[in-house]
Structures are given as C-alpha cells and as structure tokens.
2 protein chains.
Amino acid sequence: MRTLSPPVGLPALADTDLVGQVARVLTQAVVEGRLAPGSKVVEAGIARELGVSRAPVREAARLLEQQGLLVASPRRGFFVRKFAADDIDDIYDLRLCVERHAAVLAARNLTPETRDMLRRQIDVLHQTADLDDPARQVEEDYRFHRLICEVAANRRLLRLFDDLASELRMVIGLIGRLYDDPHEIARTHEPVLAAIEQGHPERIVAHVDYHIGHAWREVSKLVREIPA
Amino acid sequence: MRTLSPPVGLPALADTDLVGQVARVLTQAVVEGRLAPGSKVVEAGIARELGVSRAPVREAARLLEQQGLLVASPRRGFFVRKFAADDIDDIYDLRLCVERHAAVLAARNLTPETRDMLRRQIDVLHQTADLDDPARQVEEDYRFHRLICEVAANRRLLRLFDDLASELRMVIGLIGRLYDDPHEIARTHEPVLAAIEQGHPERIVAHVDYHIGHAWREVSKLVREIPA
DNA sequence: TAGACGTCGATTGTCGACAGTTTAGACTTG
DNA sequence: CAAGTCTAAACTGTCGACAATCGACGTCTA
C-alpha cells in the first residue's frame, strides 16, 4: 500500500513511513472532532479502516499519547484526550512562559531577513482574515508565533511550542469558531512584533503577555461555556 | 516471562507492562553509558537480550525517541543520541526559562507543608553529600528542583522538567563525576528556597538564574572538555 | 425486583515470520 | 594500491495469529 486514504482528503505527504501517516490521519481526525474526546480508539478498527496492520497503529498511538492527544489505559486501550478547564490553564500558562522567552531571544537574534519574515506573516494574517476560513486563520496565527520560536533558535523550545500548539489545536477544534473579528486579531500581533523590533525585554514581555493573555481568557471562557 | 533481567540489577518495579520495563532498562543503559552515544540500538539484539519480542522494544524505543534519548533514522534504526555543546545550551536555556516560572508559581502556592518538603529535601542533599555517591547526589538534586515544579502545580510544566532532566541525566552520565564539593552544591540551593519563601518574583528569578546558571556553565565547560 | 455471579464476545499485549532495504565485506579494475 | 562494484548477511517495517484480559450481557438467587 502506498498512500493512506484518510476519511477526508489530506495533503498525504507521500511518506513511506506508515507510522507517520497513521499519526497524521489520527491527529486530523482528533482536531477536526471526528473522534470525540473520551471516545475509544480501537486499534483493529483504525487498522482496518486504513488498510494496515495493528503494529503501525499502535506505534502511532503511542506517539500521539506522548503528544497528549490520546491517553493510554493499560489493557483497555487508547482514548481521545478529554480537556478540562484546568488543562487550558496549564497549557496557556506554559505557553506564556515559553513565548515570553522566545520573543526575548528572537529580539536578540533578529536580522533584517527574519524581521521581514515576521512582518510578512502578519500581512498573511490580514489576507487570511478576508477568506472566512477559521481553521486556516488559526494555522496562520500559529505560524506567526512559531516563526518567533524559530528565530529564537532553540530547537527544544520550538518542539515544545509545537507540542503545545497541537494540544491547543484540539481544544480549538472542539470550540469551533474562535475569532469574532479576524482582522482585529491580526492587528493585535503588530505590537508584539514592534516590541521585538525595539528590543526592550520588559516591553516585549508586556506585549506578549497582553497578546497571549487575551487568547487565554477567550479560549478559557469558550471552553467553560461549552464543556463536555 | 515475568520480570526482565537488566544487565545490572534494577529496582525492576514488577510492571506487567513490557514496554515500560524495556524503556526503563534502555534508559538505564543509556544514562549509565553502557550504550555509547551514537551507537546503534539493534531491536532484535535488545529483544533477545531481554527475552522479549521486537514489538515491545520498538514501542519503547519510540518512547525514548520522543524523550530525546534516542534518535530514529528511517529504515536504519534507532541510535543513541549524541550531544553537542549546542544541545547543552538549548536544554539549559529552556530549563532556566521553565524553572524561573516554576519557582515564581511555587512561591505563590507555597504552604507550610510544601515549604517543609523543600527544606527537608535540602537536608537530604546535605546527608547525601556525605555518601560519596555522585549518581545519588544528582538524583536528589533533581528531586529538589522537581519538587518546586510539583508545587508549581502545572502538570505540563512538570512533564517538561522531567523530559529535560532525563536528557541532562544522560549528559551527566557521560561526564561522570560532576561535583567537586557536594556540600557546597547543597548549600547553593538554600538561597533559592529562601527567595521562594520571601516571595518577591524578581528576587526569586535572580536566585534561580544564579543557581542554574552555575550548573549550566559547569556542565558546558565539562562537555566542551570531554567531547565525543 | 434488585443485586451478585458467571459466561461470552471484543480487544489488547505479545510473538514469530516474511519481504524489502541497508550495510559491510570481498572482489575486481584502473 | 585506491576506488568502485557486486554479493551476502543483517536489520527494519509490516503483517497475521494466539493467548490473556476486560466489559457487557444474561442468569441465578434472595
């Protein structure tokens, strides 16, 4: 078998790596809400549906467990992670801690090239805002934040950001529509970049705090409104 | 088969979970340097040595890959992670970021009970210093820092600390003897706790910075001296 | 009728096997 | 003698199978 056929069409980056493919399909299914939180992930079922054996499915599940999308219960199998309001707080608290640091480092490493990359991404955010595609908007939002982590040039930090983002993607998938006014969200990124360009650590932290704190409160509110 | 026989006697917490056991045995082998950095981890070899099949070994390896102890090269297998000086910097940079935050949170959550736990752990550090058991000393050191993360009460933060610690354990395993004067190290923990008890964020950060920065410089120096 | 017990199907944990790929070593050639 | 080529062994990725275990349903008893 060459490429898995995900229930709904995916980029399907033609990997020869089954485990990676299965992991991607499962991740998509989770963040898109096709696998409801708390529901059981039956190895054989997934394997059959994807036309592979259970071995790659198990390994993929273990991967996603480490990523926090699934939880393993010995002898009972894997379940789609359930999020509580506490989890949101944990994630955002850590994200804030990480992104503050990333932004300060990014300011230190900033070059004309990387600065332009960040600016361009804000432009993309504005352009995407016209598209009325919430999922895309969320992705481009993360891309901006991820860029900051890339510029910070600490691989582990970047990986941590990716892990947190994948958890948040799931939460946001549950919430559904997140942004009332995408353009306004795009605008709120500008002071962050400005602070990074100016380079005062305190100012950077303050703006990152404001920006992410806003998202935190928003997501927190929505999760408390629409709980499982 | 009931309990795996690790090359050298381990606690062997009689789990019925083979994957967990294999992961523990492999971790031990790596941090104790029996598996040299860069060396290949042959699935069948490990499986044979441990009297299990390859499936649990593969899953354990995937776990350790996510933990950063092994790296996977498709179709070529797993290798014991090699550390460069850059890695040390990445790890300590992130650790500093995390522990600053943890300490500030810990101060906020501090109760008489948790304060006593931290104090007692410093006592343990002093007692251990008399034992001339470097591995144990390192473990008790981590336990103190881990306690701070526990008091901080953010599960994800705690997990991140554990991940970083497991990577550092490996590095320190490579270095061998780390502390010249264990008692002095034990003493340097005291200002950190004192700052947490007093509760001024700036002071806390300053002391954490000093304490961890010291370790950072020390480890960094030793790694640069004794590279692969 | 409510609760405890036993049975049966479904699912996981583990295993051995096979095919395709990589690697190491022998052999050839300039 | 060095470099390239070919061959064989070793290893990974994947699969299907089997035993152990868990959960649900039905049955028996008070």
Side-chain angles (χ1 to χ4, degrees), chain A residues 1-6 12-27 29-30 35-66 69-82, chain B residues 1-6 12-26 29-30 35-67 69-82:
Chain A
M1 61 134 330
R2 41 204 109 285
T3 36
L4 298 177
S5 54
L13 301 173
D15 255 297
T16 54
D17 170 27
L18 271 193
V19 175
Q21 286 185 261
V22 175
R24 230 165 306 156
V25 172
L26 282 179
T27 302
V30 170
L35 283 174
S39 65
K40 188 155 160 41
V41 178
V42 181
E43 299 172 6
I46 304 292
R48 204 176 325 115
E49 193 174 336
L50 267 49
V52 301
S53 79
R54 277 175 51 216
V57 175
R58 278 180 70 86
E59 297 192 21
R62 274 237 141 71
L63 225 68
L64 299 184
E65 188 206 354
Q66 275 273 325
L69 288 182
L70 304 181
V71 292
S73 177
R75 296 265 168 212
R76 289 171 19 88
F78 293 91
F79 298 80
V80 179
R81 162 122 215 198
K82 266 180 168 166
Chain B
M1 64 140 327
R2 40 205 108 283
T3 37
L4 298 177
S5 54
L13 300 173
D15 253 299
T16 53
D17 170 26
L18 272 194
V19 174
Q21 286 184 260
V22 174
R24 232 167 303 157
V25 172
L26 281 180
V30 169
L35 283 173
S39 65
K40 189 158 160 39
V41 178
V42 181
E43 297 171 8
I46 305 291
R48 204 178 323 115
E49 193 174 335
L50 266 50
V52 301
S53 79
R54 280 175 50 216
V57 175
R58 278 179 69 86
E59 296 191 21
R62 274 238 141 69
L63 227 67
L64 299 183
E65 188 206 352
Q66 275 271 327
Q67 266 202 310
L69 288 182
L70 303 181
V71 291
S73 177
R75 295 258 167 220
R76 292 171 15 91
F78 293 91
F79 297 81
V80 179
R81 162 126 216 193
K82 266 178 166 167

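Keep in mind it's a predicted model, so treat the numbers as computed, not measured.
Per the geometry, CD1 belonging to B:I46 stands 17 Å off P belonging to C:dT14, to the nearest Å. Look at CZ on B:R48: it is 11 Å from C1' on D:dC11, rounded to the nearest Å. Counting to the nearest Å, the C1' atom of C:dT22 and the CG atom of A:D17 are 16 Å from each other. For A:L50 and D:dC15, the CG to P distance is 11 Å, given to the nearest whole Å. Here the P atom of nucleotide C:dT23 and the CD atom of B:E43 are 14 Å apart, to the nearest Å. Going from atom CD of A:Q21 over to atom P of D:dT14 covers 9 Å, rounded to whole Å. As a whole-Å value, the separation of A:F79 CZ from D:dG23 P is 8 Å.
Considering only side-chain N and O atoms, B:R76 lies nowhere under 4.0 angstrom from the phosphate OP1 or OP2 of D:dT12. The side chain of B:R58 places an N or O atom within less than 4.0 Å of a non-bridging phosphate oxygen (OP1 or OP2) of D:dG13. In terms of phosphate contacts, A:K40 brings a side-chain nitrogen or oxygen within less than 4.0 Å of OP1 or OP2 of C:dT12.
Note that CD of A:E59 and CD of A:E65 are 13.5 Å apart. Values are rounded to the nearest 0.5 Å. With values rounded to the nearest 0.5 angstrom, A:T27 atom OG1 is found 8.0 Å from A:L70 atom CG.
A donor and an acceptor atom sit less than 3.5 Å apart, one in the side chain of A:R54 and one in the base of C:dG13.
Under the 3.5 Å distance criterion, the side-chain polar atoms of A:K40 are matched with a main-chain donor or acceptor of A:R76.
Residue A:V41 is in sugar-phosphate contact alone, with no base atom involved, counting any heavy-atom pair closer than 4.0 Å across all strands shown.
Taking the side chain as every heavy atom from C-beta outward, A:R62 and B:V19 approach each other to under 4.5 Å.
For the pair A:R75 and A:V19, both in contact range of DNA chain D, the more 5′-proximal nearest nucleotide belongs to A:V19.
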